Amino acid sequence: MLNSEYVPIKMEEDLLLVRKCVRQLASSVGFGVLDMTRLMTAAVELGRNTLIHGKGGHMRAVIVVKDKAKGIRLDFEDAGPGIPDLDLALTDGYTSKDGMGLGLSGAKRLVNEFTVIPVTPRGVRIIAISWLDE
Amino acid sequence: MERIPILHVGTLLLVTIQVDMHDRLATNLQEDLTHRLSETHAKGVLIDISALDIVDSYIARIVGNIAQTSRILDAHTVLVGMRPPVAMTLVEMGVTLEGVSTALNIDKGMLLLNKIINK
Ligand SMILES: Nc1ncnc2c1ncn2[C@@H]1O[C@H](COP(=O)(O)OP(=O)(O)O)[C@@H](O)[C@H]1O
Ligand SMILES: [Mg+2]
């Protein structure tokens with residue numbers, strides 16, 4: 001694996017690093033401005049969830065290659081309360097706090113692959129992948 | 001304390017949102033804007049987001065809150081400078097900015113605001 005990045009997410013300022021990191025990777029892979037905007041937005045939504053709902057965690061970002069396709073994989077992990085009802089959490093407009101409830105479902109729509117994995121004993125891991133279309 | 005400047009232009013207030021928006025800044029902005037609106041009796045608020053390469057649901061909610069606050073104080077809000085990829089991404093996420101009109105740039109935003117206000 002090349003160009004792996006690790007970004008701790010402990011405070012709001014860290015979300016600026018998340019976005020910067022994703023921008024750099026996306027541009028090095030050759031993403032156009034629209035796909036870069038979509039991936040950065042998804043990353044910031046997931047990063048904010050890691051911070052707010054997951055009580056902090058980190059993101060790992062890496063360039064992935066499959067056959068001839070290139071993409072970016074973002075891997076968010078926290079040790080928060082976890083997501084007890086994933087369908088509910090993915091419902092447009094559902095929020096357990098005072099958000100818009102469009103971060104998780106929105107991020108899922110903005111990437112090509114989206115996987116939510118419960119972490120034991122507690123927490124969430126979310127893997128989002130976007131492929132560069134050529 | 002960190003604050004976002006609010007410019008008074010004619011009968012309007014102009015707010016420029018920068019990339020490093022965070023909770024404390026947003027709260028201060030709400031307070032300052034409420035204060036300035038009642039102080040100046042401005043009838044319109046222009047929010048310039050041309051510096052933002054992305055707008056997430058957090059920023060969208062702040063913009064929505066500003067628009068609501070303005071309405072209570074008898075002013076209208078127009079959002080200017082949204083980049084096309086940002087607009088497309090918001091649509092895809094399902095984020096709608098209720099109560100917020102949009103214009104391409106500050107000049108067009110001023111025209112639109114004056115039209116809304118003088119109606
Ligand atoms: N990392 C996480 N840990 C725990 N719960 C989460 C996490 N991410 C999302 N959720 C849950 O999913 C809900 C929906 O998330 P989201 O669509 O981003 O909306 P919002 O963040 O505006 O509440 C959240 O309100 C929260 O209950
Ligand atoms: Mg969220």
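Given the structure is predicted, the values throughout are model-derived calculations rather than measurements. Reminder, nothing fancy here: chain letters follow the sequence lines and each chain counts from 1.
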Quick one: are T89(B) and L34(A) in side-chain contact, heavy atoms under 4.5 Å? yes

Name the region of T41(A), side chain, backbone, both or neither, that has any atom closer than 4.5 Å to a heavy atom of chain B. both

Residue part contacting chain B, namely of D35(A), when any heavy atom lies under 4.5 Å: neither

Please answer: with hydrophobic residues joined when any side-chain heavy atoms are less than 4.5 Å apart, are [X] and [Y] in the same cluster?
X	Y	result
L79(B)	I62(B)	yes
L46(B)	I4(B)	no
I106(B)	I47(B)	no
M59(A)	F114(A)	yes
V80(B)	I116(B)	yes

Among I54(B), D53(B), L90(B), side chain to side chain contact (heavy atoms under 4.5 Å, CB included) partner for T37(A):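 The option that passes is I54(B).
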
[X] side, atom [atom1]; [Y] side, atom [atom2] - distance, nearest 0.5 Å:
X	Y	atom1	atom2	value
E12(A)	L25(B)	CD	CG	9.0 Å
Y58(B)	N49(A)	OH	CG	13.5 Å
E92(B)	R109(A)	CD	CZ	8.0 Å
M93(B)	L104(A)	CE	CG	12.0 Å

Which of residues 9-22 of chain B get closer than 4.5 angstrom to chain A, counting heavy atoms alone? V19(B), D20(B), H22(B)

Just wondering, more than 12 heavy atoms not from H8(B) lying within 6.0 Å of its NE2?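 Yes, enclosed.
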
Can you check whether D56(B)'s main-chain N or O pairs, donor with acceptor, with E45(A)'s side chain at less than 3.5 Å?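 Absent.
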
Partners meeting salt bridge (Lys or Arg N to Asp or Glu O under 4.0 Å) with R83(B) (sequence neighbours left out): none

Pick whichever of E13(A), M40(A), R48(A), R38(A) has the most heavy-atom pairs under 4.5 Å with chain B. R48(A)

Taking every heavy atom of D98(A) against every heavy atom of R61(B), the minimum-distance pair comes out as O-NH1, 2.9 Å

